[in-house]
Amino acid sequence: MFRRGLSLEQAPPIKAVLRFFITLPVFGLILSCLMIFFPAEILTPSHPFSLSAIHLLFLGMVSMGMIGALFQMQSVLGGAPIPQPLGNSLIIHTLFTLGTLALVSAFMFGIRELFVVTSVFLGSAIVYFAQILLPLLFGKITHDTLKGMRVAIFSLFITAILGIIMASSYASQSFSDHHAMIRTSHYSMALIGWISMLIMYVAFQVVEMFYVTIPYSDWCKHNIKKILVIALSLKIIWLFTALPFEWFFDMIIVSLLVGFMVTTTKRLYTRKRRVSDASVWFWFAGMGLLGISLGTYCGSLIFGYAPLESMSLMTFGLFALSVILGMMGKIIPFLVWFHLNASGFMETPVMSNIIPQKRLKITFWLFVSTAFFTLISPLYPTLLSLAGASGMVTFGILFFNILTAFKLYYHISKNGTKFRFNG
Amino acid sequence: MILEFMRDDHRACDALYTDAENALANKNIDEAKRLYNEFYRATNHHFNMEERALFTTFEKRTGMMGGPTQMMRYEHQQLRAQLESMLKALETDQYDDFFGIGESFMIMLQQHNMKEEQMLYPMIDQTLGTDGELMVQTLKEMAQ
């Protein structure tokens, strides 16, 4: 396993990663259209359009970006690269994209059969991804990041199983007494077990090393995953057995996430590397959005006001998206540079000429305006249309950024001149 | 033991690079050049410690000649080429080029460091056992 981990395949083929990243803004554009034309429906909790919007955000954008990033980071963080990356990424990407489209269409157009199609495609994509990735995370050498990644992938698997159970209920229109509990367990596993766990354990490595900050404490790295797993498991048991004080476990989870937010913000603020970089802005924005999400969630628990819970969910998605966009802004130019440079092309541009920092910063401010209008839309619902318009421009530019990087790569790899070594 | 010693050295090199980058961003050119030269020397010394002592001992003990250590040597070559390009950019006052190359260099270096810290050093620690202390001593002496 170790030999494979440090083989010549330092980075997967560029297509294996970029196909996920380029799909993200496409789903962003679809979501933005929905926000422009159906703001009231999206802001109505449990409305089919609202469920479509939530799944576009969490599946089409957040999970799509995270799976793409895992294809890139697995060999570095996980110790061994994903085997046959081109073929496997094609299978997973196709199934995942079709599954997400089927689910969104099933909710929007009320076509029950599409829930079955969703279960087949999304279920296959996630089970296939988990069965490839999980064995790679169990080697002789182990560390906290690997353990965190294991929990995240396992949680994604459980999220998919619960999703399939719910999809079968929607398809047959017969909802069991446990439907609400399954739904809560489904999104708790997705938000905490999958998204939060992966972001935190990647942050523990990436923030310290890329921005040259003081390290996160060993206690954090070692114990957060354990506490989260225990709190999440007990919350689900409490839910299904209707025991009182379930909120206690929510508070444990919220406390850990607040700790992560404060610690990360502090580390980034006091980072040694001060060179202006849009990815740091995305991290800061992400931490701010996480704080708002946790605050509104606590508000929803105290006041029992459903729109606050919806707002918390949307803000949580924006937090994850902000971190992912920041990382994509680094990964994409790096991959283009790395592959061209490793192939010996003389025309290999520096990273800042592949996606200029100026364009990344414009994307950042547009993302901030999208997030801002989304956040205040529960008070003024028509502003969600404005958020949608801002989202259209944000994801349009993001799509353009990725496409031009991809085109540049292909142009140089086809027409570029390679260094010739004599002797 | 090896992990802690080498990880601390990685961080010391990162700090030197960051200081050089910050000095250049603040247009403190002479200071940036001085700090970069220190970083250049420290990083090359780190690679040399690995290639001349750590990796060779690991290879002798395990018989693993063409495996992870070989891959790390290959990455050292790529990183050394980047170090030279940045030095050239700095010496010829091409500061935008320095920052441009530095961005990809830093990602490549950190990915390399992560692989070493998470996989290779723990393996070397396991292989050397109590001889790890002697190895750290040898590495320290190489600095003198």
Side-chain angles (χ1 to χ4, degrees), chain A residues 1-11 72-73 75-80 139-146 202 205-215 271-277 279 327 330-331 333-338 340-342 344 348-354 356-357 419, chain B residues 3 7-8 10-26 62 64 66-75 78 81-82 85-86 89 94 96-126:
Chain A
M1 172 174 165
F2 185 67
R3 193 178 280 249
R4 276 185 292 145
L6 296 173
S7 75
L8 276 167
E9 297 161 7
Q10 292 172 79
Q72 152 64 15
M73 294 188 299
S75 58
V76 180
L77 291 176
K140 272 186 187 171
I141 300 289
T142 191
H143 49 79
D144 288 318
T145 305
L146 270 183
V202 167
Q205 286 294 326
V206 167
V207 169
E208 177 195 346
M209 295 181 86
F210 286 106
Y211 303 109
V212 190
T213 70
I214 45 171
R271 72 193 185 281
K272 273 192 75 118
R273 216 170 165 214
R274 307 305 300 182
V275 175
S276 175
D277 178 349
S279 72
M327 289 178 70
K330 275 205 177 289
I331 292 176
F334 176 73
L335 279 181
V336 172
W337 172 84
F338 179 81
L340 290 174
N341 186 59
T348 304
V350 293
M351 279 173 64
S352 51
N353 288 344
I354 297 167
Q357 274 291 321
F419 282 108
Chain B
L3 170 66
R7 186 175 56 197
D8 289 350
H10 281 164
R11 299 297 177 271
C13 290
D14 292 344
L16 282 173
Y17 176 75
T18 306
D19 289 342
E21 199 182 51
N22 290 342
L24 193 62
N26 294 329
T62 59
M64 222 192 233
T69 44
Q70 198 52 34
M71 187 58 227
M72 292 298 103
R73 283 194 183 91
Y74 171 71
E75 290 189 3
Q78 291 179 311
Q82 297 287 305
S85 301
M86 281 195 288
Q94 306 288 318
D96 284 347
D97 286 357
F98 176 86
F99 284 117
I101 304 164
E103 215 180 336
S104 39
F105 168 80
M106 194 61 174
I107 296 179
M108 207 167 150
L109 179 71
Q110 296 308 333
Q111 289 199 357
H112 173 81
N113 291 351
M114 279 185 212
K115 288 178 195 172
E116 289 184 336
E117 289 173 22
Q118 294 185 354
M119 304 299 283
L120 185 55
Y121 298 154
M123 271 196 99
I124 295 176
D125 269 325
Q126 270 185 8

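Residue numbers begin at 1 in each chain, while the letters A, B, ... track the order of the sequences.
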Sort out for me which of A:K272, A:K330, A:R271 touches chain B most, counting heavy-atom pairs under 4.5 Å.
A:K272
Which atoms of A:V212 approach chain B - backbone, side chain, both or neither, heavy atom under 4.5 Å:
side chain
Any side-chain donor near an acceptor of the partner, B:Q110 and A:Q205, under 3.5 Å
no
Examine whether an atom of B:A81 lies under 4.5 Å from a heavy atom of chain A, and if so say whether it belongs to the side chain, the backbone or both; otherwise answer neither.
neither
Pairwise side-chain contact, B:K115 with A:V76, heavy-atom cut-off 4.5 Å (strictly under)
yes
Looking at A:M73, A:R273, A:R274, which makes the most heavy-atom pairs under 4.5 Å with chain B?
A:R273
Within a strict 4.5 Å, meaning less than it, do heavy atoms of the A:V350 and B:I101 side chains meet?
yes
Minimum-distance pair of heavy atoms, taken over all atoms of B:G100 and A:S352
CA-OG, 4.2 Å
More than 12 non-hydrogen atoms from neighbouring residues, nucleotides or ligands closer than 6.0 Å to CG on B:D96, yes or no?
no
Is there a side-chain contact between A:F334 and B:E103, using heavy atoms and a 4.5 Å cut-off?
no
If one checks every heavy atom of B:E117 against chain A at 4.5 Å, the contacting part turns out to be side chain
Taken to the nearest 0.5 Å, the spacing of B:I107 CD1 from A:W337 CH2 works out to 9.0 Å
In terms of heavy-atom proximity below 4.5 Å to chain B, should A:T142 be classed as side chain, backbone, both, or neither?
neither
Less than 4.5 Å to any heavy atom of chain A: does that hold for the side chain of B:N113, its backbone, both, or neither?
both
Where does A:I331 contact chain B at under 4.5 Å (heavy atoms): side chain, backbone, both or neither?
neither
Rounding to 0.5 Å, atoms CE (B:M114) and CG (A:L77) come to a distance of 5.5 Å
Decide, yes or no, whether a salt bridge links B:R11 with A:E208 under the criterion of side-chain N to carboxylate O below 4.0 Å.
yes
Given heavy-atom pairs under 4.5 angstrom as the criterion, report whether the side chain, backbone, both or neither of A:N341 touches chain B.
side chain
Check: A:M209 main-chain N/O paired with B:D14 side-chain donor or acceptor under 3.5 Å:
no
Heavy-atom side-chain proximity of A:Y211 to B:M106 below 4.5 angstrom:
no
